[in-house]
Amino acid sequence: MAFWKPGTEKPSFVEDEEGGIVLMSNNLSSSSSSSFGYANIEKQRQRLPVYKYRTEILYLVENHATTIIVGETGSGKTTQIPQYLKEAGWAEGGRVIACTQPRRLAVQSVSARVADEIGVKLGDEVGYTIRFEDHTTSGVTSVKFLTDGVLIREMMEDPLLTKYSVIMVDEAHERSISTDILLGLLKKIQRRRPELRLIISSATIEAKAMFNFFNTSKKRQAPEGSAQGPNLEPAILSVEGRGFSVKIHYVEEPVSDYIRSVVSTILLINEREPPGDVLVFLTGQDDIETTIKLLAEEAHSNQKNSSGLLPLPLYSGLSRTEQELIFTPTPRGKRKVILSTNIAETSLTLEARLLCYYYFGVVYVIDSGFSKQKFYNPISDIESLVVAPISKASARQRSGRAGRVRPGKCYRLYTEDYFLKEMPGEGIPEMQRSNLVSTVIQLKALGIDNILGFDWPSPPSPQAMIRALEVLYSLQILDDDAKLTSPTGFQVAELPLDPMISKMILASNELGCSDEIITIAAVLSIQSVWVIARGVQKEQDEAKLRFAAAEGDHVTFLNVYKGFLESKKSSQWCYKNFLNYQSMKKVVEIRDQLKRIARRLGITLKSCEGDIDAVRKAVTAGFFANACRLEPHSNGVFKTIRGSEEVYIHPSSVLFRVNPKWVVYQSIVSTERQYMRNVVTINPSWLTEAAPHFYQNRQNNISL
DNA sequence: GAGCACTGC
């Protein structure tokens, strides 16, 4: 395959994905920097690119309501800016500086690093809060790191976030739903609290959008009596990063089969390029396994080109141990080929990064140009995962991965013409690709009534909004005036779960099966309790049969949980039964949290003592909108009651091939077919009981 | 008998 190398492409770098922690070579031998003296830490801090801008940043924050910082990888902005603010007095008088992150792990590692640099105990002056863990001390903690979701939750107690003087929203360019909600709310708060300062950290490509969103200088006057109040026009500051140049290569002709192109490019690199590991971006597990198979075949037939290649898969479904294989040092004479989903774009664990083996090896990146993305169809109310072209922003992020160690190369499996003329500049924000039920309820809980008129960074479609309002109304969470009902609506808003799951919990209180239902709720809130068992499906199926219940997956989960407790939460037991031990531990954790919240809501934990109908009725009370009926004389074809969509029971369900007449499902995955995941049998009369108004017009459909 | 990009409260 031929690659063309344009001379004009500027080196591009990845965004600051792990909070600007710079990988310093003198730090490698030590797992903790506490062995370094104060002077040494000071020197390290001053070497960071952001240090040059210290005065400028403090000036801008002082004088502008909002400051947008465009910072590249390794600029050090996440760890340093909160410290600069503290040094400049923004944390005096009991005020707190906040810094939000989209991911829990980033919150933990960045806060630990900052506490270390300042020389305080984590949880005192510097603390963090994530779900399940609050390491802050009221009145003492003045620099606080937290996930954006937690900050949104805090607004339910304190709508104006009065204790914060500055809020820095990091990784805003990722445009996750919670970041976008947070940005919308912070803009509102600023109107009421002109003294609040915002710092938005964003990639170049999103900076302009953020500027426009926060630019209120034309629309309103400075608040009364504050002639010298902050400038309402946001300031933008660029901070360079630390990285090496990356040469970009494009293909000359569009490729028809990107997996074959990936394989031939790997062989080309192996044949012609000096040592250095390869990182390949593919769309999913299937792609990755096909590529590994093709490479293995290549090794058989053509030993020369593929000698020394060490293919390693990387995707979230792998166990922790399997993922960590990519961090082991490359053996001499070998070349690691990491075949990854976009987990490598943002979400690799920081501890692993600090070990540096990964980045210290990768010099070549191959970009397929595709990733799996979620899309939502408000008409059918179905979310699906589809392979779609990535954006220019993602392409830059991916290529930057090649320049972490030394100058690198990125091979894009699309033409330069395509990149320049057709590839979209940025991705569609998650908000515009999702079901909005949870989003709407969060805003309602914060007293925002005019959902359709809310000032979003990127407004979702009215159809999606209306669909969400409709579902919440049918769940009796919203009333005729689209206000939260009391107590149901307020209770649902308090539970950190999908509203359908929350509604199921509330119903279980009346049905006397809350003990069972919160277990089910905890299981439904995580990905899957089963391990991915390639090649041993038969054994896993047999293991599943040991727990299987005729009523469906939800009841099966009760048996799994019971078995886990009886095993005394043994990892060995999980292994034997093809259950994911990490997931089971998480189930226990979430269940404990739900138990605490349930108690606060006045729900007393009560077991139905084997009355499985009560459990199924409670599930129906939450998920009645997902009811399906088996088409008579069809081979497992179901039709959704709401939209007459053709759906099937997923082969992973215990009801696969059982095909009962009536079921409700938790979610749909759509691939070749639309598959229902987590399915339970119901009696159709329960639908009209649970949601009479919802099924009134559909009476004819529910004839037995 | 087929498949689940990635987060978060």
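Labels below follow one simple rule: chain letters A, B, ... track the order of the sequence lines, proteins then strands, and each chain is numbered from 1.
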If you look at every strand shown and take non-hydrogen atoms under 4.0 Å, does [X] touch a base, only sugar-phosphate, or nothing?
X	answer
A:Ser371	nothing
A:Ile130	sugar-phosphate
A:Ser178	nothing
A:Asp148	nothing

Query raised in the report: Got a salt bridge between A:Lys163 and A:Asp158, using NZ or NE/NH1/NH2 to carboxylate O under 4.0 Å?
Result: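 No.
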Query - Salt bridge present between A:Glu174 and A:Arg103 (N-O < 4.0 angstrom) - result: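 A salt bridge links A:Glu174 with A:Arg103.
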Just the rounded figure in Å: distance from [atom2] of [N] to [atom1] of [X].
X	N	atom1	atom2	value
A:Gln101	B:dC9	CD	P	12 Å
A:Leu314	B:dC4	CG	P	19 Å
A:Phe656	B:dG1	CZ	C1'	4 Å
A:Glu171	B:dT7	CD	P	14 Å
A:Tyr315	B:dT7	OH	P	14 Å
A:Ile590	B:dT7	CD1	P	14 Å
A:Arg103	B:dC6	CZ	P	12 Å
A:Ile668	B:dG3	CD1	C1'	15 Å

Query raised in the report: Using a cut-off of less than 4.0 Å, is there contact between a side-chain N or O of A:Thr147 and OP1 or OP2 of B:dC9?
Result: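 Yes.
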Query raised in the report: Under 4.0 Å: is that the gap between some side-chain N or O of A:Ser176 and OP1 or OP2 of B:dC6?
Result: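 Checking B:dC6 against A:Ser176, no side-chain N or O comes under 4.0 Å of OP1 or OP2.
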Nearest listed nucleotide, side chain of [X], among [options]:
X	options	value
A:Arg104	B:dC9, B:dC6, B:dG3	B:dC9
A:Val669	B:dC6, B:dA2, B:dC4	B:dC4
A:Asn342	B:dA5, B:dT7, B:dC9	B:dA5
A:Arg153	B:dC9, B:dT7, B:dA5	B:dC9
A:Ile343	B:dG1, B:dC6, B:dC4	B:dC6
A:Pro651	B:dC6, B:dC4, B:dG1	B:dG1
A:Arg131	B:dC9, B:dC4, B:dG1	B:dC9

With sequence neighbours excluded, tell me which residues meet salt bridge (Lys or Arg N to Asp or Glu O under 4.0 Å) with [X].
X	result
A:Glu542	none
A:Glu154	A:Lys144
A:Glu430	A:Lys374

Report task. Report yes or no: is there a donor-acceptor pair, N or O only, under 3.5 Å between the side chain of A:Asp286 and the base of B:dG3? Result ->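 Donor-acceptor pair under 3.5 Å: no.
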Query raised in the report: Among residues 495-502 of chain A, which contact DNA chain B at a heavy-atom distance under 4.0 Å?
Result: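 A:Pro496, A:Leu497, in order of number.
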Requested in this report: Applying side chain to side chain donor-acceptor pair (under 3.5 Å), name anything that partners A:Ser653, two or more places apart in sequence or on another chain.
Outcome: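 Counting only residues at least two positions away or on another chain, A:Ser653 forms a side chain to side chain donor-acceptor pair (under 3.5 Å) with A:Asp553.
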Query raised in the report: Relative to the ring of A:Trp530, is the ring of A:Phe547 parallel (under 30°), tilted (30 to 60°) or perpendicular (over 60°)?
Result: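 A:Phe547 and A:Trp530: tilted rings.
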Pairs of donor and acceptor atoms involving the side chains of residues 492-504 of chain A, under 3.5 Å and at least two apart or interchain, shall be tabulated with distances.
unit_1: A:Glu494; atom_1: OE2; unit_2: A:Arg600; atom_2: NE; d: 2.9
unit_1: A:Glu494; atom_1: OE2; unit_2: A:Arg600; atom_2: NH2; d: 2.9
unit_1: A:Asp498; atom_1: OD1; unit_2: A:Met500; atom_2: N; d: 2.8
unit_1: A:Ser502; atom_1: OG; unit_2: A:Asp498; atom_2: O; d: 3.3
unit_1: A:Lys503; atom_1: NZ; unit_2: A:Leu475; atom_2: O; d: 2.8

Requested in this report: Identify, between A:Gln593 and A:Leu385, the residue whose nearest nucleotide on DNA chain B lies closer to the 5' end.
Outcome: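 It is A:Leu385 whose nearest nucleotide is closer to the 5' end.
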